[in-house]
Enquirer: 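Quick one: the structure is below, questions incoming.
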Amino acid sequence: QVQLVESGGGLVQAGGSLRLSCAASGRTFSTYAMGWFRQAPGKEREFVTAHNWSGEITDYADSVKGRFTISRDKDKNTVYLQMNSLKPEDTAVYYCAAKVGWSLRRYSHRYEYWGQGTQVTVSS
């Protein structure tokens with residue numbers, strides 16, 4: 001059984017930073033893509049970023065490019081999302097997710113495993 005557990009959300013002022021963590025357990029993730037998605041109230045879940053488990057390939061949504069960075073610690077089986085220059089429109093529940101393979105990584109329905117989500121609120 002795969003488990004993904006997020007942490008690190010909270011309340012921050014616009015322009016501030018947060019780092020989210022996603023601890024993965026249950027199996028070997030060497031063939032998985034790890035992604036971050038977010039969902040704001042009344043909106044669909046949207047892709048934020050993803051990388052393959054080795055961290056060699058990354059992909060970012062245009063809305064976060066240059067501000068957010070995905071990284072991982074292989075020894076800890078943990079993926080991080082560093083969020084800088086936060087804006088009120090970044091307010092959402094953030095989810096990490098895992099899927100086999102790199103293709104179709106921007107589509108949430110392609111991900112097999114999901115964390116419980118962590119709330120990020122950016123005040124203006």
Enquirer: How about Ile70 and Val79: do any of their side-chain heavy atoms sit closer than 4.5 Å?
Expert: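 They are in side-chain contact.
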Enquirer: For residues Ser17 and Asn84, report the shortest heavy-atom separation together with the two atoms involved.
Expert: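 Between these two residues, the closest heavy atoms are OG-OD1, 2.9 Å.
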Enquirer: Looking at CZ of Arg38 and OG1 of Thr49, how far apart are the two atoms once the value is rounded to the nearest 0.5 Å?
Expert: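 Reported value, rounded in 0.5 Å steps: 11.0 Å.
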Enquirer: How are the rings of Tyr95 and Trp114 set relative to one another: parallel (under 30°), tilted (30 to 60°) or perpendicular (over 60°)?
Expert: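 Correct class here is perpendicular.
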Enquirer: Show the numbers, then the answer: is there a side chain to side chain contact (heavy atoms under 4.5 Å, CB included) between Leu4 and Met34?
Expert: CA-CA 10 Å; Leu4 302 175; Met34 301 297 296; 4.0 Å; yes
Enquirer: Do Ser108 and Glu44 come within less than 4.5 Å of each other through their side chains, counting heavy atoms only?
Expert: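 In short, these two side chains do not touch, never coming nearer than 4.5 Å.
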Enquirer: Nearest 0.5 Å, what's the CZ-CG distance between Phe47 and Asp62?
Expert: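 One finds 10.0 Å between CZ of Phe47 and CG of Asp62.
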Enquirer: Is there a side-chain contact between Gln13 and Val122, using heavy atoms and a 4.5 Å cut-off?
Expert: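 No, every pair of side-chain atoms sits at 4.5 Å or beyond.
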Enquirer: Treating Ile, Leu, Val, Met, Phe, Trp and Tyr as nodes and any side-chain heavy-atom pair under 4.5 angstrom as an edge, say whether Val12 and Leu20 lie in one connected cluster.
Expert: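 Yes; Leu20 is reachable from Val12 via cluster members.
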Enquirer: Show the nearest heavy-atom pair for residues Glu6 and Trp36, with the distance to one decimal.
Expert: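 Here Glu6 and Trp36 meet closest at CG-CZ3, 4.0 Å.
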Enquirer: So do the side chains of Val120 and Thr91 get within less than 4.5 Å of each other, counting heavy atoms only?
Expert: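 Not in contact.
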Enquirer: Between the main-chain N or O of Tyr107 and the side-chain N or O of Arg110, is there a donor-acceptor pair closer than 3.5 Å?
Expert: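 No.
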Enquirer: Say you draw a straight line from CZ of Arg67 to CD of Gln82; how long is it, rounded to the nearest 0.5 Å?
Expert: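 Answer for the CZ-CD pair, Arg67 versus Gln82, is 12.0 Å.
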Enquirer: To check you understand the geometry: which heavy-atom pair defines the closest contact between Glu56 and Asn52, and what is its length?
Expert: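 Glu56 and Asn52 have their closest heavy atoms at N-OD1, 3.0 Å.
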Enquirer: Determine, using the 4.5 Å side-chain heavy-atom cutoff (strictly less than), whether Val2 and Val5 are members of one ILVMFWY cluster.
Expert: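 Different clusters: Val2 never reaches Val5 through Ile, Leu, Val, Met, Phe, Trp or Tyr contacts under 4.5 Å.
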Enquirer: Is any side-chain N of the basic residue among Glu112 and Lys99 closer than 4.0 Å to the acidic one's carboxylate O?
Expert: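 Between Lys99 and Glu112 there is no salt bridge, as every charged N stays at least 4.0 Å from the carboxylate O atoms.
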Enquirer: Tell me the closest heavy-atom pair linking Ala92 and Ala40, and the distance in Å.
Expert: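 Scanning both residues, the minimum pair turns out to be CB-N, 3.8 Å.
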Enquirer: Kindly give the heavy-atom pair with the smallest separation between Ser124 and Ala14, and that separation in Å.
Expert: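 Distance-wise, the nearest heavy atoms are CA-CB, 4.4 Å.
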Enquirer: Ring pair (Phe, Tyr, Trp, His ring centres under 6.0 Å) for Phe37 and Tyr111? Distances and angles first, verdict last.
Expert: CA-CA 11 Å; Phe37 289 77; Tyr111 284 74; 5.0 Å; yes
Enquirer: Is the shortest side-chain N to carboxylate O distance from Lys87 to Asp90 below 4.0 Å?
Expert: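 A salt bridge is absent here (no side-chain N lies under 4.0 Å from a carboxylate O).
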Enquirer: In the structure I gave you, are the side-chain heavy atoms of Tyr60 and Val48 within less than 4.5 Å of one another anywhere?
Expert: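 With C-beta onward as the side chain, the pair stays apart.
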Enquirer: To the nearest 0.5 Å, what is the distance between OG (Ser71) and NE2 (His51)?
Expert: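 Answer rounded to 0.5 Å: 7.5 Å.
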Enquirer: Does Arg72 count as lying over the ring of Tyr80, i.e. NZ or CZ under 6.0 Å from the six-ring centre, within 45 degrees of the axis?
Expert: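 Geometry flag: not set, cation outside 6.0 Å or 45°.
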Enquirer: Please check: side-chain N/O of Thr78 versus main-chain N/O of Asp73, any donor-acceptor pairing under 3.5 Å?
Expert: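 Side chain of Thr78 to backbone of Asp73, a donor-acceptor pair under 3.5 Å: no, none is there.
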Enquirer: Rounded to the nearest 0.5 Å, what separation is found between the CG atom of Leu18 and the OH atom of Tyr94?
Expert: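 Separation between the atoms: 9.0 Å.
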